[in-house]
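Data block below; observations after.
Values reported hereafter were calculated over all heavy atoms of this structure, with side chains retained and with hydrogens, waters and symmetry mates removed. Being a predicted model, the structure only gives us computed values, none of them experimental.
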Amino acid sequence: IQGDVQLIRAVQPVRAAGLGQPAQPRRSVERPTGTLAPTGAGPISVQLFGGFGLRVDGLEVDLGSIKPRARLVLHLLGLACGGPVHREVFLAALWPDTDPDTAARLLHVAISSLRTALEPGTPRGGAGLIRRDGDAYRLGLPAGSEIDLVTFEVMLEEAATSLSNGELD
């Protein structure tokens with residue numbers, strides 16, 4: 001529960017900063033499960049509603065071995081919907097009472113542990129799931145990837161447009 005509270009507190013600076021502009025979603029109904037570590041080969045599905053989940057090529061990724069703070073880093077990257085999240089956002093959200101140098105080292109450890117767990121075959125500096133853009137990080141989402149938050153936002157926009165056009169169905 002404490003992790004969820006931290007995640008909720010962390011959402012506000014990510015959204016307030018305008019980070020993570022939604023990408024075009026791919027709507028999919030079928031969601032098979034299994035276990036797999038991402039290799040960058042197929043589409044990625046990020047589930048934010050109803051509990052955090054990650055799928056690669058339709059197979060569920062086991063996140064149980066990833067430490068809680070590193071999972072929160074992954075959650076924030078998911079909330080950014082493929083957009084960049086500046087390191088200062090991570091530091092303020094996850095290590096607010098820690099001196100900046102220590103917090104920066106903790107972020108690098110979390111990113112490194114995520115890459116080790118999720119991208120075991122990706123060479124250092126390779127184009128994997130977690131990408132660095134200057135002082136920011138983002139999810140590297142291949143074609144056909146989806147994030148349920150993006151799909152939800154698009155559907156809300158479509159509903160608002162339909163309503164304003166008098167299309168009540």
Side-chain angles (χ1 to χ4, degrees), residues 3-33 36-63 66-96 107-108 110-115 117-119 122 126-163:
D4 292 338
V5 170
Q6 288 176 322
L7 179 60
I8 291 167
R9 283 194 341 221
V11 171
Q12 292 174 332
V14 171
R15 286 297 189 199
L19 300 173
Q21 297 306 314
Q24 189 67 13
R26 185 182 123 240
R27 294 189 186 147
S28 175
V29 176
E30 194 173 323
R31 294 179 187 249
T33 59
L36 176 76
T39 62
I44 294 169
S45 175
V46 180
Q47 175 185 328
L48 296 162
F49 291 116
F52 186 79
L54 184 68
R55 291 182 173 82
V56 176
D57 281 333
L59 300 175
E60 188 173 341
V61 176
D62 181 11
L63 302 174
I66 299 172
K67 292 184 179 182
R69 294 283 173 134
R71 277 197 314 264
L72 286 172
V73 168
L74 187 58
H75 289 197
L76 288 173
L77 290 169
L79 286 168
C81 300
V85 180
H86 196 276
R87 71 183 198 101
E88 296 299 325
V89 173
F90 289 114
L91 303 185
L94 302 177
W95 299 281
L107 175 61
H108 289 132
I111 294 288
S112 178
S113 70
L114 281 173
R115 285 180 172 152
L118 300 174
E119 307 171 347
T122 303
L129 176 63
I130 300 171
R131 300 193 181 166
R132 184 172 179 181
D133 291 330
D135 285 339
Y137 294 90
R138 67 179 179 82
L139 291 179
L141 300 171
S145 294
E146 64 181 359
I147 299 176
D148 62 357
L149 177 60
V150 174
T151 302
F152 180 73
E153 289 176 346
V154 168
M155 293 175 88
L156 281 177
E157 289 175 18
E158 290 173 356
T161 300
S162 295
L163 185 61

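- Note: Leu72 CG to Trp95 CH2 = 8.5 Å, rounded to the nearest 0.5 Å.
- With rounding to the nearest 0.5 Å, the separation of NE2 in His86 from CG in Asp133 is 11.0 Å.
- Closest approach of Ala110 and Ser113 over heavy atoms only: O-OG, 2.9 Å.
- Interatomic distance, Arg132 CZ to Ile111 CD1, rounded to the nearest 0.5 Å: 9.5 Å.
- The main-chain N or O of Val73 is never found under 3.5 Å from a side-chain atom of Arg71 such that the two would form a donor-acceptor pair.
- The two residues Val46 and Gly78 come nearest to each other via the heavy atoms CG1-CA, 4.2 Å.
- Remark: Leu77 CG to Leu54 CG distance equals 11.0 Å, nearest 0.5 Å.
- Although no hydrogens or angles enter the test, the distance criterion places a donor-acceptor pair under 3.5 Å between the side chain of Arg115 and the main chain of Ile130.
- Using modelled atom types, one side-chain atom of Ser162 and one backbone atom of Glu158 make a donor-acceptor pair closer than 3.5 Å.
- Residues Leu114 and Ala70 share a closest heavy-atom pair of CD1-O, 3.4 Å.
- Although no hydrogens or angles enter the test, the distance criterion places a donor-acceptor pair under 3.5 Å between the side chain of Asp148 and the main chain of Phe49.
- Gln47 places a side-chain N or O within 3.5 Å of a backbone atom of Gly51 that can act as its donor or acceptor partner.
- Minimum heavy-atom separation, Pro43 to Pro142: CA-CG, 4.2 Å.
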What do the steps show when you test Leu141 against Ile147 for side-chain contact (heavy atoms from CB on, under 4.5 Å), and what is the final call? CA-CA 10 Å; Leu141 300 171; Ile147 299 176; 3.7 Å; yes

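- Rounded to the nearest 0.5 angstrom, Leu118 CG and Ile66 CD1 are separated by 4.5 Å.
- Two residues are said to be in side-chain contact when any heavy atoms from C-beta on lie closer than 4.5 Å; Arg138 and Val85 fail this criterion.
- Here the closest non-hydrogen pair linking Phe90 and Tyr137 is CE1-CD1, 4.1 Å.
- With rounding to the nearest 0.5 angstrom, the CG atom of Leu48 is 7.0 Å from the SG atom of Cys81.
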Determine, stepwise, if the pair Leu139 / Arg131 fulfils side-chain contact (heavy atoms from CB on, under 4.5 Å). CA-CA 6 Å; Leu139 291 179; Arg131 300 193 181 166; over 6 Å; no

